[in-house]
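Step one of this worksheet: look at the structure below.
Sequence lines set the chain letters: A, B, ... in the order given, protein chains first and strands last, and positions in each chain run from 1. Note that these values count all heavy atoms, side chains included, but never hydrogens, waters or copies made by symmetry.
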2 protein chains.
Amino acid sequence: MLKISELAEQTGLSAHTLRYYEKHGLINASNRSAAGYRFYTDLDVRRVQFVKTARNTGFSLADIGQLLSIRVDKQSHSCQDVTDITQKKLLEVNAKLAELQSMQQTLELLLESCCGGPENATHCSIMEALDAGLSREDEN
Amino acid sequence: MLKISELAEQTGLSAHTLRYYEKHGLINASNRSAAGYRFYTDLDVRRVQFVKTARNTGFSLADIGQLLSIRVDKQSHSCQDVTDITQKKLLEVNAKLAELQSMQQTLELLLESCCGGPENATHCSIMEALDAGLSREDEN
DNA sequence: GTTGACCTTAGAGTTAACTCTAAGCTTATA
DNA sequence: TATAAGCTTAGAGTTAACTCTAAGGTCAAC
Ligand SMILES: [Zn+2]
Ligand SMILES: [Zn+2]
Ligand SMILES: [Zn+2]
Ligand SMILES: [Zn+2]
């Protein structure tokens with residue numbers, strides 16, 4: 001049985017974050033000491049690690065709540081339930097990716113166009129491009 | 001001279017957002033009516049469009065504040081001042097991009113591994129992978 | 001039997017960029 | 001002149017996921 005600081009160390013999450021996850025219904029300590037100290041079992045640890053892995057994969061805490069409710073009762077859920085959540089997340093990630101890639105391209109073009117030198121910015125092509133709405137050609 | 005709602009329509013920003021930008025020092029109405037109504041000149045409009053373009057490019061409002069102070073006094077700033085801001089933004093974008101691409105790859109692998117069917121999730125490879133810390137995916 | 005580290009809770013603060021509300025003026029139209 | 005639409009301000013609310021604080025209780029060690 002682990003105390004919260006030991007679980008924190010094992011998972012790389014802070015004790016604050018673990019309490020925050022508990023408050024939001026994601027995890028729980030199976031046991032409490034007489035004085036109210038949380039004690040975590042191996043099963044608790046695995047659940048926290050599941051949360052952490054899902055978090056790293058990009059799932060929101062709300063998504064993870066759903067995944068956890070599948071996890072504790074797999075019989076009552078289908079693979080489609082799982083792929084629905086995963087697919088939805090992939091679409092979100094793809095949308096953000098497209099946005100960021102567009103920004104990346106714009107920023108790279110801006111940097112290519114500017115001398116980046118120490119003389120004054122009266123001729124700066126980055127400022128000109130931003131003033132011109134990034135040239136009317138590839139507006140979306 | 002445009003009223004705030006007219007500027008909003010021309011720029012595609014809401015009047016609320018325009019007042020918010022003003023409160024944060026990004027824009028201003030050159031004139032006010034006797035009763036205090038904001039009135040915007042062509043120069044004001046162009047400044048707002050600059051802000052909007054910079055926003056679409058990914059710059060934060062703080063970045064845009066810096067870009068605007070260069071814009072109003074180009075003689076006192078260098079191209080390097082401009083590229084410093086742009087370069088910093090590009091690094092941020094690249095970092096987020098890398099993170100999202102990793103998530104995308106993980107999500108795609110998860111989806112490939114799961115049948116997505118209607119039978120129960122006791123055998124679901126997505127759940128297994130999340131339980132295993134994605135170790136299967138990492139090895140691929 | 002006293003440090004000092006660790007634990008508890010409720011609740012406030014953080015971040016960015018909005019978004020909205022309330023209460024009261026102003027302006028245009030009928 | 002009455003009505004509706006639009007303007008003003010200060011300030012509160014939203015979102016997500018923490019992050020931290022205060023005030024106090026507990027525990028192991030010396
Ligand atoms: Zn230059
Ligand atoms: Zn330049
Ligand atoms: Zn299946
Ligand atoms: Zn499956």
(request) Could you tell me whether the side chains of Thr86(B) and Thr83(B) share a donor-acceptor contact shorter than 3.5 Å? (result) no

(request) Give the first and the last nucleotide of DNA chain C, reading 5' to 3', that has any atom under 4.0 Å from a heavy atom of chain B. (result) dA17(C) to dT27(C)

(request) In plain terms, say whether Glu108(A) and Lys89(B) are close enough for a salt bridge, that is, a side-chain N and a carboxylate O under 4.0 Å apart. (result) no

(request) Using only side-chain N and O atoms of Arg32(A), determine if any of them is under 4.0 Å from OP1 or OP2 of dT26(D). (result) no

(request) Quickly, which of Leu26(B), Leu13(B), Leu61(B) forms a side chain to side chain contact (heavy atoms under 4.5 Å, CB included) with Tyr20(B)? Name it, please. (result) Leu61(B)

(message) Can you give me the closest heavy-atom contact between Ala15(A) and Ala8(A), atom names plus distance?
(response) N-CB, 3.8 Å

(request) Compute whether any side-chain donor of one residue and acceptor of the other, for Asp63(A) and Ser60(A), lie under 3.5 angstrom apart. (result) yes

(request) Could you say whether Arg38(A) or Ser60(B) is positioned toward the 5' end of DNA chain C, judged by the nucleotide with the nearest heavy atom to each? (result) Arg38(A)

(message) Go nucleotide by nucleotide along DNA chain D from the 5' end; which of Arg55(A) and Lys3(B) gets its closest nucleotide reached first?
(response) Lys3(B)

(message) Taking the basic N atoms (NZ, or NE/NH1/NH2) and the acidic carboxylate oxygens, is any pair closer than 4.0 Å for Glu92(B) and Lys88(B)?
(response) yes

(request) Establish, from distance only, whether the side-chain atoms of Asp44(B) and Thr41(B) form a donor-acceptor pair under 3.5 Å. (result) yes

(message) Give the residues of residues 8-28 of chain B touching DNA chain C, defined as any heavy atom closer than 4.0 Å, sorted by residue number.
(response) His16(B), Thr17(B), Tyr20(B), Tyr21(B)

(request) Run the salt-bridge test on Arg32(A) and Glu22(A) with the 4.0 Å N-O cut-off and return the result as yes or no. (result) yes

